[in-house]
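In what follows, every chain begins at residue 1, and chains take the letters A, B, ... in the order their sequences are listed.
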Amino acid sequence: MSSLQMRKKAVRILDKLYQLYTDAHCALRYDSPFQLLVATILSAQCTDVQVNKVTLGLFAKYPSVQDLAEADLYVLEGDIRSTGFYRNKAKSLLGCAQTLISQYNGQVPQTLSELVRLPGVGRKTANVVLGNVFGIPGMVVDTHVKRLSRRFAWTDQQDPVKIERDLCQLLPERHWVQASHLLIFHGRQLCKAPIPLCSQCPLLKECPQRGVDRAN
DNA sequence: ATCCCGAGGG
DNA sequence: CCCTCTGGAT
């Protein structure tokens, strides 16, 4: 199959996903780049519902970057405890806030290379921030995007960086940010690990894995 | 490869 | 009791 045909087929899948999840969006609550950065760091191995519960109080208690930069580490641990991994996350949040104050005039930087230099921020988190608040397109490769991309045969790589590269080559740039949301929604609701609900999936015809759940 | 970690669901 | 949940650092 030519690369053009592969692109068209991939976009067709995205179109179908969009019909299914028209409202797919970032489910984390925030109203500034910094708040999205904080929420995304907290979201590691945690449901977005739980993150939103915590950030509701957190953003009220620490309204500005400066407020968080001056927080006590152990108090902060208590503030975010219910998101899990709270020691690592508290250290990351404090480090981020302090770095933003000392190096970026309190602003969240708008490049991938600067973002991933912040403590607790990897490419996944960086691309969430870039795509959702700065309008800078990027593919967010999390556990869902990785799994679905492999099931769709959009990549055969394991390394998230290589998967990101493959996806950016395959999908038109204008689809990158929304594609990430669509894959995450579909991954949560139907295309689950390890047992996808293929019998309920509207992509049965398009998917190379069609019917893998028929034994279930 | 392994660790960090709690909440909610089966 | 088991598992998963939009990761990142060592």
Here the distance between atom P of B/dC5 and atom CG of A/L42, to the nearest Å, is 14 Å

Q. Where the side chain of A/Q98 meets the backbone of A/A69, is there a donor-acceptor pair that is under 3.5 Å apart?
A. yes

Quick note, A/R81 side chain, CB onward, closest among B/dG8, C/dT6, B/dG6 is B/dG6

Testing C/dG7, C/dT6, B/dG6 for proximity to the side chain of A/T125, the answer is C/dG7

Of the listed C/dC5, C/dG7, B/dA7, the closest approach to the A/H144 side chain comes from C/dC5

Quick check on C/dC5: is either OP1 or OP2 less than 4.0 Å from any side-chain nitrogen or oxygen of A/R188? no

Rounded to whole Å, the NZ-P distance (A/K89 to B/dA7) equals 12 Å

field: Within-4.5 Å side-chain heavy-atom neighbours: A/H144 and A/L183
entry: no

- Query: Strictly by modelled atom types, are A/D79 and A/Y62 linked by a side-chain donor-acceptor pair under 3.5 Å?
  - Reply: yes

message = Measuring only the P atom in each nucleotide, how far is B/dC5 from C/dT10? A whole number of Å is fine.
response = 14 Å

note: A/D142, atom CG; C/dG7, atom P; distance rounded to Å ~ 6 Å

A/Q189 CD to C/dC5 P, in whole Å, measures 13 Å

Exercise. Please check the phosphate of B/dG8 (OP1 and OP2 only) for any side-chain N or O of A/K53 closer than 4.0 Å.
Key: yes

Do we see A/F85 stacking on the base of B/dC4, given a limit of 5.5 Å between centres and 30° between planes? yes

note: A/I80, atom CD1; B/dC5, atom P; distance rounded to Å ~ 10 Å

Atom NE2 of A/H25 and atom C1' of C/dT6 are separated, to the nearest Å, by 13 Å

For atom P, what is the distance between C/dT6 and B/dG9, given to the nearest Å?
-> 14 Å

From CG of A/D159 across to P of B/dA1 the rounded distance in Å is 13 Å

Report task. Assign A/V121 to base, sugar-phosphate, or nothing according to its heavy-atom contacts below 4.0 angstrom with the strands shown. Result -> sugar-phosphate

Whole-Å distance, A/R123 CZ to C/dT6 C1', equals 17 Å

The nucleotide from C/dG7, C/dT6, B/dC5 with an atom nearest the side chain of A/A44 is C/dG7

Of B/dA7, C/dG7, B/dC5, the nucleotide closest to the side chain of A/Y86 is B/dC5

Between A/F34 and A/A97, the two heavy atoms sitting closest are CZ-CB, 4.2 Å

Item to complete: Keeping the roles fixed (side chain from A/K89, backbone from A/T83), state whether a donor-acceptor pair exists under 3.5 Å.
Response: yes

Side-chain H-bond candidate by donor/acceptor type, A/T55 with A/Q35, under 3.5 Å: no

Of the listed B/dA7, C/dT6, C/dG7, the closest approach to the A/Q45 side chain comes from C/dG7

Using a 4.0 Å heavy-atom cut-off, does A/A27 contact any base of the nucleic acid, only the sugar-phosphate backbone, or nothing at all?
base

